[in-house]
Enquirer: 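One structure, pasted below without further comment.
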Amino acid sequence: MSYQIDDTDMRILEILDQDGRLAMRDLASRIGMSAPAIATRVRQLEAEGVIRHFSVDLNPRALGYILEAIVRIRPRPGQLHIVQRMIVDEPRFTACDKVTGDDCFIARLCLKSINELDPLLDPLHDKAETSTAIIKSSPIMRRSPPLT
């Protein structure tokens with residue numbers, strides 16, 4: 001990356017990480033710059049790929065998903081791309097990482113009841129081995145890497 005992030009950019013990132021919906025004029029006020037200057041910097045940070053997107057953080061429980069699980073998935077030989085497509089196509093998988101080691105995928109899954117688990121994972125079992133852990137709590141939900 002050729003773009004050099006300076007102290008002002010870091011402050012912008014810290015503030016937006018806490019509240020991505022903050023109006024440019026409010027962000028500018030906190031930084032001590034004009035709103036147009038801040039807007040230009042935010043656009044530059046987006047263009048350089050430092051800021052990937054702005055999003056909303058939904059509470060799965062409020063949507064009726066009372067359980068979350070981590071599923072470790074090890075595709076059988078020759079099944080990696082098929083298994084990956086199955087994960088991507090199932091909307092109850094809310095996150096998935098392709099990893100090194102014995103398992104190829106570590107995925108996060110939302111469920112409205114435990115009764116959904118077997119029917120959801122059964123189609124994978126012809127193509128992969130799975131190991132599932134129900135999440136009891138999440139001390140860290142989503143955190144940006146250190147900005148200092």
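On a predicted model such as this, the values are computed, not experimentally measured, just so you know.
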Enquirer: Please say whether more than 12 non-hydrogen atoms of neighbouring residues, nucleotides or ligands are located less than 6.0 Å from CG in Asp57.
Expert: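 Check fails, neighbour count at 12 or below.
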Enquirer: Within the distance-only criterion (no hydrogens, no angle test), does the side chain of Arg61 pair as donor or acceptor with the backbone N or O of Ile66 below 3.5 angstrom?
Expert: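 Between the backbone of Ile66 and the side chain of Arg61 there is a qualifying donor-acceptor contact (under 3.5 Å).
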Enquirer: In Å, rounded to the nearest 0.5 Å, how long is the span from CD1 of Ile51 to CD of Gln44?
Expert: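 It is 10.5 Å, given to the nearest 0.5 Å.
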Enquirer: Can you give each donor-acceptor pair under 3.5 Å made by side-chain atoms of residues 91-102, sequence neighbours left out, with the distance rounded to 0.1 Å?
Expert:
| from | atom 1 | to | atom 2 | distance (Å) |
| --- | --- | --- | --- | --- |
| Arg92 | NE | Glu90 | OE2 | 2.8 |
| Arg92 | NH2 | Glu90 | OE1 | 3.3 |
| Lys98 | NZ | Gln84 | OE1 | 3.1 |

Enquirer: With a 4.5 Å heavy-atom cut-off, do Glu68 and Leu109 have their side chains touching?
Expert: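 Contact flag for Glu68/Leu109 side chains = no.
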Enquirer: Roughly how far, to the nearest 0.5 Å, is the CZ atom of Arg74 from the CG atom of Leu124?
Expert: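 So the gap between those two atoms works out to 14.5 Å.
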Enquirer: Determine, using the 4.5 Å side-chain heavy-atom cutoff (strictly less than), whether Leu111 and Ile135 are members of one ILVMFWY cluster.
Expert: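 Cluster IDs for Leu111 and Ile135 differ.
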Enquirer: Rounded to the nearest 0.5 Å, what's the gap from OG1 on Thr132 to CD1 on Ile73? Could you check?
Expert: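 These two atoms lie 8.0 Å from each other.
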Enquirer: Side chains of Ile38 and Val42: does their closest heavy-atom pair fall under 4.5 Å?
Expert: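 Sidechains of Val42 and Ile38: in contact.
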Enquirer: With no hydrogens and no angle check, is any side-chain donor or acceptor of Ser138 less than 3.5 Å from a backbone partner on Met141?
Expert: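 No; zero donor-acceptor contacts below 3.5 Å.
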Enquirer: According to the salt bridge (Lys or Arg N to Asp or Glu O under 4.0 Å) rule, which pairs have a member within residues 20-29, sequence neighbours left out?
Expert: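 Checked against salt bridge (Lys or Arg N to Asp or Glu O under 4.0 Å) - neighbours excluded - no pair reaches residues 20-29.
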Enquirer: Do the side chains of Leu27 and Val50 join up, straight or via other hydrophobic residues, at under 4.5 Å, putting them in one cluster?
Expert: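 Shared cluster, yes.
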Enquirer: Just so I know, are the side chains of Cys104 and Val83 near enough to count as touching, which here means a heavy-atom distance under 4.5 Å?
Expert: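 With C-beta onward as the side chain, the pair stays apart.
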Enquirer: Taking it one step at a time, do Arg142 and Ser55 satisfy side chain to side chain contact (heavy atoms under 4.5 Å, CB included)?
Expert: CA-CA 12 Å; Arg142 181 202 65 82; Ser55 64; over 6 Å; no
Enquirer: So if you build clusters from Ile, Leu, Val, Met, Phe, Trp, Tyr with side-chain heavy-atom gaps below 4.5 Å, do Val88 and Ile82 land together?
Expert: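 Val88 does not cluster with Ile82.
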Enquirer: Could you measure the distance from the OG1 atom of Thr130 to the CG atom of Asp122? Nearest 0.5 Å is fine.
Expert: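 One finds 9.0 Å between OG1 of Thr130 and CG of Asp122.
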Enquirer: Dump the intermediate steps for side chain to side chain contact (heavy atoms under 4.5 Å, CB included) on Glu116 and Leu67, then the final yes or no.
Expert: CA-CA 10 Å; Glu116 291 182 339; Leu67 294 172; over 6 Å; no
Enquirer: Sequence neighbours excluded and cut-off under 3.5 Å, please list the side-chain donor-acceptor pairs for residues 7-16, or say none.
Expert:
| from | atom 1 | to | atom 2 | distance (Å) |
| --- | --- | --- | --- | --- |
| Asp9 | OD1 | Arg41 | NH1 | 2.8 |
| Asp9 | OD2 | Tyr3 | OH | 2.9 |
| Asp9 | OD2 | Asp6 | N | 3.4 |

Enquirer: If you take all heavy atoms of Gly20 and Phe54, which pair is closest and at what distance?
Expert: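 Heavy atoms of Gly20 and Phe54 come nearest at O-CD2, 3.5 Å.
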Enquirer: Should Ile70 and Arg108 be marked as a side chain to side chain contact (heavy atoms under 4.5 Å, CB included) after you check the CA-CA gap, both sets of side-chain angles, and the distance that decides it?
Expert: CA-CA 5 Å; Ile70 299 294; Arg108 193 174 190 100; 3.8 Å; yes
Enquirer: What about Ile87 and Leu117, same hydrophobic cluster or not, with Ile/Leu/Val/Met/Phe/Trp/Tyr joined at side-chain heavy-atom distances under 4.5 Å?
Expert: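 In one cluster: yes.
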Enquirer: What closest approach, in Å, do Asp126 and Arg76 show between heavy atoms, and which atom pair accounts for it?
Expert: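 Scanning both residues completely, I find the closest heavy atoms to be O-NE, 3.5 Å.
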Enquirer: If Ile, Leu, Val, Met, Phe, Trp and Tyr residues are connected whenever their side-chain heavy atoms lie under 4.5 Å apart, and connections chain through other members, are Leu63 and Ile134 in the same group?
Expert: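 Different hydrophobic clusters.
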Enquirer: Side-chain contact test, heavy atoms from C-beta onward, threshold under 4.5 Å: evaluate it for Val71 versus Phe105 and give yes or no.
Expert: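 Sidechains of Phe105 and Val71: no contact.
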